[in-house]
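Here the structure comes first, spelled out in structure tokens, and everything after it is commentary.
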Amino acid sequence: MYKRILLTGAAGMLGQYLRPHLHKRWPLRSCDVKPVGKPMKGEEVVTCDLSDRAAVFKATRGCDAVLHFGAISIESDFDQILQANIVGTYNVFEGARRARAKRVIHASSNHAVGYHLRDAFIDSDAQPRPDTYYGVSKSFGESLGSMYWSKYGIEHASLRIGTCRAEPIDRRSLSTWLSLPDLLQLVVRCLEAERLGYAIVYGQSNNDRALWDNGKVSHLGFRPQDNAEEYADRLLKNAKPEDPEDPAVKYIGGVFCTKKPPMWKG
Ligand code: NAI
Ligand code: 15L
């Protein structure tokens with residue numbers, strides 16, 4: 001049982017989904033630099049920038065678990081990633097240590113290992129092979145999690161999330177999809193599992209075309225229920241043939257592996 005859980009990134013897509021579900025189970029403090037919305041009864045809402053160390057330390061005070069979902073969630077300029085995702089993640093871990101938190105769960109990403117070949121069927125021991133500055137920042141969070149576990153005993157899970165949406169959106173996400181209910185199950189298992197230690201877990205549903213092996217973290221009891229294959233006919237109906245040598249096809253990270261990822265305005 002937790003006294004209070006801090007959720008960073010509470011105004012974001014995944015934070016907004018998780019908030020009410022978490023609030024039903026545990027006292028919750030929701031935090032973001034953007035407006036989170038009206039507090040639910042008993043919920044505490046905090047506005048803060050993750051790069052503001054004093055504000056993050058204040059936000060973590062009194063929390064015995066942290067779900068760190070706040071971040072720039074796509075590729076961006078290095079200086080922005082540095083502040084929000086690298087400095088910000090350090091602030092969250094250090095705040096959690098000062099608050100004597102038991103567990104920190106970090107929304108990492110498949111982009112921490114984006115340059116592994118798609119058909120390599122990597123597991124939790126795969127080396128970091130980030131595909132972007134964004135992926136580098138997620139890999140940094142995984143390393144911090146390892147250090148805070150080994151040095152201070154703070155249990156940690158880094159969730160290498162695939163594509164978390166209400167539904168899969170394209171051919172790639174028939175492999176990488178994580179449904180929202182499966183995300184919730186994953187987060188709850190990481191909070192409730194008797195033993196967490198240091199865990200690297202792939203955030204994927206029970207997809208026929210799954211790319212990753214969660215066998216080494218089966219003790220968490222994460223058993224995803226959804227399968228992207230249900231959407232395959234619709235998504236593949238008008239799909240063009242793929243070039244297997246295109247980096248966006250060859251590697252796990254998809255378009256993030258191209259020289260200029262299309263979502264990056266830099
Ligand atoms: P999102 O972009 O919708 O939400 C991220 C939230 O972080 C936003 O509300 C934003 O305001 C907040 N944030 C950004 N910079 C901040 C700062 N400096 N200070 C305080 N708050 C800040 O992203 P989404 O989809 O909800 O993802 C949540 C987490 O999961 C992110 O860490 C993302 O990298 C990770 N993730 C998401 C995936 C997905 O498919 N949705 C896949 C892999 C990882
Ligand atoms: C991520 O890390 C992003 O946050 C998300 O928006 C998706 O692009 C996802 O990866 C993906 O790889 O599909």
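Scope of the values below: all heavy atoms of this structure, side chains included, with no hydrogens, waters or symmetry mates.
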Inset, instruction - Verify, without hydrogens or angle tests, whether Asn207 (side chain) and Glu229 (backbone) share a donor-acceptor contact under 3.5 angstrom. - result: no
Legend entry - Donor-acceptor under 3.5 Å (Asp77 side chain, Gln80 main chain): no
Inset, instruction - May I ask you to say whether Glu94 pairs ionically with Arg98, meaning some side-chain N is under 4.0 Å from a carboxylate O? - result: yes
Inset, instruction - Kindly check if the number of other-residue, nucleotide or ligand heavy atoms within 6.0 Å of OH (Tyr133) is above 12? - result: no
Inset, instruction - Of all the heavy-atom pairs spanning Ser179 and Ser205, show the shortest one and how long it is. - result: N-OG, 2.9 Å
Legend entry - Arg189 to Phe222, cation-pi by 6.0 Å centre distance and 45° axis angle: no
Legend entry - Electrostatic pair Glu242:Arg171 at N-O distance under 4.0 angstrom: yes
Inset, instruction - State which residue, out of Arg29, Arg61, Lys58, fulfils the salt bridge (Lys or Arg N to Asp or Glu O under 4.0 Å) condition with Glu44. - result: Arg29
Inset, instruction - Look only at the side chain of Thr60 and the backbone of Phe57, and say whether a donor-acceptor pair between them is shorter than 3.5 Å. - result: yes
Inset, instruction - May I ask you to decide if Leu191's main-chain N or O and Tyr2's side chain share a donor-acceptor pair within less than 3.5 Å? - result: yes
Legend entry - Interatomic distance, Lys24 atom NZ to Arg19 atom CZ [nearest 0.5 angstrom]: 13.0 Å
Inset, instruction - Answer yes when Lys216 and Asp125 have at least one side-chain N-carboxylate O distance shorter than 4.0 Å, and no when they do not. - result: yes
Legend entry - Spatial distance of atom CG (Leu28) from atom NE2 (His21) [nearest 0.5 Å]: 12.5 Å
Legend entry - Closest approach of Ser124 to Val217 (non-hydrogen atoms, all atoms of both residues): OG-CG1, 4.0 Å
Inset, instruction - For the pair His116 (side chain) and Gln127 (backbone), establish whether a donor and an acceptor sit closer than 3.5 Å, ignoring hydrogens and angles. - result: yes
Inset, instruction - To the nearest 0.5 angstrom, please state how far the SG atom of Cys164 sits from the CG atom of Leu18. - result: 8.0 Å
Legend entry - Spacing of CG belonging to Asn214 relative to CD1 belonging to Ile200, to within rounding of 0.5 Å: 10.5 Å
Legend entry - Candidate pair Lys38 and Glu43, rule salt bridge (Lys or Arg N to Asp or Glu O under 4.0 Å), full reasoning: CA-CA 9 Å; Lys38 202 168 154 243; Glu43 179 192 29; over 6 Å; no
Inset, instruction - Give a yes or no on whether a salt bridge exists between Lys250 and Glu245, defined as a side-chain N under 4.0 angstrom from a carboxylate O. - result: yes
Inset, instruction - Compute whether any side-chain donor of one residue and acceptor of the other, for Asn227 and Asp208, lie under 3.5 angstrom apart. - result: yes
Legend entry - Nearest heavy atoms of Cys31 and Cys48, plus distance in Å: SG-SG, 3.8 Å
Legend entry - Any donor-acceptor pair under 3.5 Å from Asp182 side chain to Asp226 backbone: yes
Inset, instruction - Please work out whether the ring planes of Tyr134 and Phe256 are parallel, tilted or perpendicular, with thresholds of 30° and 60°. - result: tilted
Inset, instruction - Please answer whether the main-chain N or O of Val87 pairs with a side-chain N or O of Arg53 as donor and acceptor at a distance below 3.5 Å. - result: no
Legend entry - Nearest-0.5 Å distance that lies between atom OG in Ser137 and atom CD1 in Ile81: 5.0 Å
Inset, instruction - Tell me, yes or no, whether the heavy-atom count around Asp233 atom CG, taken from other residues, nucleotides or ligands under 6.0 Å, exceeds 12. - result: no
Inset, instruction - Can you run down the side chain to side chain donor-acceptor pair (under 3.5 Å) pairs that involve residues 192-201, sequence neighbours left out, and say none if there aren't any? - result: none
Inset, instruction - Could you verify whether a donor N or O on one side chain and an acceptor N or O on the other, from Asn110 and Arg160, lie under 3.5 Å apart? - result: no
Inset, instruction - Would you please indicate yes or no on a ring centroid separation below 6.0 angstrom for Phe69 and His106? - result: no
Inset, instruction - Kindly indicate whether the side chain of Leu180, heavy atoms from C-beta on, has any atom under 4.5 Å from the side chain of Leu14. - result: yes
Legend entry - Residue among Leu6, Leu50, Ile105 satisfying side chain to side chain contact (heavy atoms under 4.5 Å, CB included) with His68: Leu50
Legend entry - Note, Leu174 side chain near Arg209 side chain (heavy atom, < 4.5 Å): yes
Inset, instruction - Considering non-hydrogen atoms only, spot the tightest contact between Met1 and Pro27 and give its length. - result: CE-CD, 4.4 Å
Legend entry - Interatomic distance, Leu235 atom CG to Ile169 atom CD1 [nearest 0.5 angstrom]: 9.0 Å
Inset, instruction - Could you verify whether a donor N or O on one side chain and an acceptor N or O on the other, from Thr163 and Thr176, lie under 3.5 Å apart? - result: yes
Legend entry - Heavy-atom donor-acceptor pair, Arg165 side chain to Trp177 backbone, under 3.5 Å: no
Inset, instruction - For Asn85 and Ile72, indicate whether the former's side chain and the latter's backbone hold a donor-acceptor pair under 3.5 Å. - result: yes
Inset, instruction - Considering non-hydrogen atoms only, spot the tightest contact between Ser108 and Ser158 and give its length. - result: CB-CB, 4.1 Å
Legend entry - Check: Asp64 main-chain N/O paired with Arg4 side-chain donor or acceptor under 3.5 Å: no
